[in-house]
Amino acid sequence: MADLPRHTAIQIEQSLELWLEVEFTFLHVDKLAATLSELPREDQDFLLNWIRRIATTNIEIAHQFGQRVMDVLSHMDRRVIEAWALHTMDTYDRSGLRPALLVVQDAENFVHLRHERVAGAVYEDVSGILLTFVRGLSGRQLKMEQGETLYTDTETLYLPAVVAKMHTTEDNFQLCKAMVAYLWAQTRYGTFRVNLTDALSHYSDNEKALKLFHALETLRLDACISRELPGLFREMKRLRAELGEIQPISDKWADYTQELAKPTATANDCLRLLVDAYTGIVPDDVCYQGELKPEVVAACMSARMEREKMLLRVKLAEFAKDLTKQNEKERESPPNFDVKTPDGEEEEQGGITQLELTLDDMPIAPPEGVRQLLTSIQLDWGEIPPECLTAAGEGEYDPSLYQEQVQDPDAVWQGTYHEEGATFYSEWDCGRQHYRKNWCVMREKDVLPVYDNFVPEVLQKYNGLVKHLRRVFEAMRDENRLLKRQVYGDEVDIDALVEALADARDGSEMSDHLFMRMHRTERNIAVIFMVDMSGSTKGWINDAERESLVLLCETLETLGDRYAIYGFSGITRKRCELYRIKRIDEPYNEEVKARISGIRPQDYTRMGFAIRHLTHLLNEVEAKTKLLITLSDGKPDDYFDGYRGEYGFEDTRKALQEAQRSGIHPFCITIDTEARDYLPHMYGAVNYTVIDDVKKLPLKVADIYRRLTT
Amino acid sequence: MQARALNPEENFIESEPYYEITGDEIAIFEAAYQNKLPVLLKGPTGCGKTRFMEYMAWRLKRPLITVSCHDDLTASDLVGRFLVKGGETVWVDGPLARSVRAGAICYLDEIVEARKDTMVVIHPLADDRRALPMEKLGTLLEANQEFCLAISYNPGYQSVLKDLKQSTRQRFVALEFDYPTQELERKIIASESGIAPDLAEKLVKFAHMTRNLKGSGLEEGASTRLLVHAGKLIKSGVSPVSACRSAIAQAITDDSEMLAAVQELSSSLF
């Protein structure tokens, strides 16, 4: 590298003119080229590469980056510059040009924040582990989300995006863990069982009272955590010591500490002590305590208490119905549920007991859902109020109260916030050589079923073929193969035995491979068919696709392989849609048939998100062999936002690589006769097939599937 | 010391195995045994089903032949097969046939793991015929008066492929096992591993934490058996956190994120 000559100013200028489209943008690049020409070749290559990559995202940013980077080159190492460039582009993706240009301008701030990024515990990295951690602890199944500050509404724990108070990543993670445990302790040990808004209303300085209550409550919860999780508590003390938070406390606060350390202490004791503490000063915050938000908590709790009360009643009614069905006798009186503490079980601190549910005085094992509700209700009320235990009568409940509301994918387009309720997928930007984070806004939709004669007509049309295919596929099903000359087996292999005996008489060594056994090769295949529903399939391609799917389903049913069918289409990254035709666990029934019939061409062919989402679905299925078969009529292509040509190929290729890495075999069946130019690059040399005549599609698809899976 | 070879039908449990009674399971098993009814033990892995069988074998003074079922277990593996010895074929009984002849307790552990056709072999043994058809010999082996068939399975797997057919399950007296209560589990761990009760209690707490994760990424929580393993490691001087990692966390999951989370749970406890 060092031997290579430096690029001259003219060479650099030519490149910059091309990348920054100077002809149209009228940007001045001569000065930049001159400065760059003075750098060593290695630096030149590094910076030019980044300017080129950024220019694929936005020319203005690339231009400003080029100018700004010269100022910081001397004191920023390359890794930081790379991170800075990527952060700029992410900001552009997320928030637009102005915020991205601010990132470019404020390089120093980026370096400062970088400590946070390097040593800090980033929410996205730690939330997975910590969520599992908090679910392992007893109590309500909590959720976790990123928030502006650290607090809980009693259902969700909100954590800041980055925690970077400590010097090392490890300690910052421990601090996050302490935060999570502390918020959990609030829900677990009844911090919110007192109505804070009412209880603090008579203090003149409401905010001070709240802070003091929080400080007292922290003393109590610390004691709870030290009893329940002593290892963690040691760690929490260490973190506080390192942050210089442990300072001598006044006698008064020492007394409070002692009093609140009693296992019987509750939030009410904190309220009681608050009267005395109010005259003093507010102690400093503890690093893991976060904030108390009484209004948020009150709103969340009241909604939940009402909902869970109803839910429990509904679930108990369903449970009673199930039990009656099992006993095969009609219940004469309404079910009489009750809870009691089993003998020998002590009530745990904070009011959670392993309760035993009884029906007509007989103990019964409640389903997991009911058990969780009982715990959650206990946490809120401190007990199970008797009215919660009356099973709901017919029509006595509003189902919408206990069903999660699923957003209608079409409805969001009537509003302004189009990303609500969607799943996000990143997309590979080949120019940038990096992912565009959370770029595609994906939704699953059902295909509108069309109940007509399509399926019977297809079966009629391909009558002979269906029979043939069924026979072929049947032969593939769980074949029993007789393995001969085995060391052990179910039967003696007479041929082998005769030979062996002859050998023995001959004086040569007798083989011990004398048995036969049946070997059953069990198929353990899961496959998802990803069907192109782009506008270009309109007409006979669409018909051929639908016919292929019918034939496939008919034959796959004989085979017993698990399969799903999804259509994909969309328009721009904001509207990536996957159409459910058949889910993997759904039987091939009338509705599925009607959905196949209802497949209609939609918009464009954006493929990356579909592959990524279906990969995700397929990975949730347990199978030895997993296949993702694409039925398509052309190359990746989308409207307006650049998803065509190299960008589209490369993203699709990347998505396929991701699928392969997770153990899925992708395969493509296409009717695009030009596909040989690009498919080998995307799918690999052998993982695709081109059918040159669309009419052959229905005949070929099943055959290709057979070859793929045997 | 030299290893001792033992014919399965001589496998009498000589000393009383440690077993904590949790309900009326002993009375039910004894009643089933007297009435020549086969028994099905249901419950999660490591909750004490096998130990219960050992205890009952000791109590009833019958030999115990345990077969751990697996994917490739065939009917021949249970009933018997011809082997070639010295140029001739000789019949060798499988463990089930040996138990039937010797009047032993035959315990087919995790029966759903075996191939489906294996199941059919036990059907005539499990109803009032109490006979084992030996198709290859063309004979019917009538069960000894004292023979007892017991099978176990874990309904927790909840897989269509790993479920017990109605025609099989409806032949058995079923006993349901679950993890013991906290107090009992603590007692079991303390006496099996010899660690102090407060440590045993922490192990139980840890087990409950992992059991809370069932359905949130873990198939099964830590079983009593794993807790005993951890207890034994601790007793031998391994630190509790390391013992939990090696004996429990690594045993219940391979997922790195789950491992890290379980690890955080144990380090919080000790």
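So you know, we letter chains A, B, ... as the sequences are listed, proteins then strands, and number each from 1. Quantities reported herein were computed from a predicted structural model and do not represent experimental measurements.
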inquiry  = Take a 6.0 Å sphere around NZ of B:Lys136 and say whether it holds more than 12 heavy atoms from other residues, nucleotides or ligands.
reply    = yes
task = Might you point out which heavy atoms bring A:Phe133 and B:Ser268 nearest each other, and give the distance in Å?
result = CE1-OG, 3.4 Å
ask   = Which heavy-atom pair separates B:Asn212 from A:Gln141 by the least distance, and what is that distance?
value = O-NE2, 3.9 Å
key: Interface moiety of B:Ser267 toward chain A, non-hydrogen atoms closer than 4.5 Å   = both
query = Counting only heavy atoms not in B:Glu135, do more than 12 fall under 6.0 Å of its CD?
reply = no
note = dist A:Leu229:CG -> B:Glu264:CD (nearest 0.5 Å) comes out at 11.5 Å
ask   = Can you check side-chain contact (heavy atoms from CB on, under 4.5 Å) on B:Leu265 and A:Thr132, steps first, answer last?
value = CA-CA 9 Å; B:Leu265 285 170; A:Thr132 313; over 6 Å; no
inquiry  = Could you tell me if the side chain of A:Leu137 sits less than 4.5 Å from the side chain of B:His208, heavy atoms only?
reply    = no
Heavy atoms from other residues, nucleotides or ligands near CG of B:Asp198 exceed 12 (cutoff 6.0 Å) = yes
task = Report yes or no: does A:Arg234 contribute a side-chain atom to a donor-acceptor pair with the main-chain N or O of B:Phe270 at less than 3.5 Å?
result = yes
query = Out of curiosity, A:Ile129 CD1 to B:Gln263 CD, how far, rounded to the nearest 0.5 Å?
reply = 10.5 Å
task = Give the intermediate values and the outcome of side-chain contact (heavy atoms from CB on, under 4.5 Å) for residues A:Arg135 and B:Lys214.
result = CA-CA 10 Å; A:Arg135 293 227 156 138; B:Lys214 192 176 166 180; over 6 Å; no
key: Presence of salt bridge, B:Lys205 and A:Glu228, under 4.0 angstrom   = yes
inquiry  = Taking every non-hydrogen pair under 4.5 Å, which of A:Ala500, A:Gly136, A:Pro230 racks up the most with chain B?
reply    = A:Gly136
ask   = Of the backbone (N, CA, C, O) and the side chain (C-beta and beyond), which part of A:Arg517 lies under 4.5 Å from a heavy atom of chain B, both, or neither?
value = neither
inquiry  = Does any backbone or side-chain atom of A:Leu514 lie under 4.5 Å from a heavy atom of chain B? Answer side chain, backbone, both or neither.
reply    = side chain
ask   = Rounded to the nearest 0.5 Å, how far does CZ of A:Phe515 lie from CZ of B:Arg81?
value = 7.5 Å
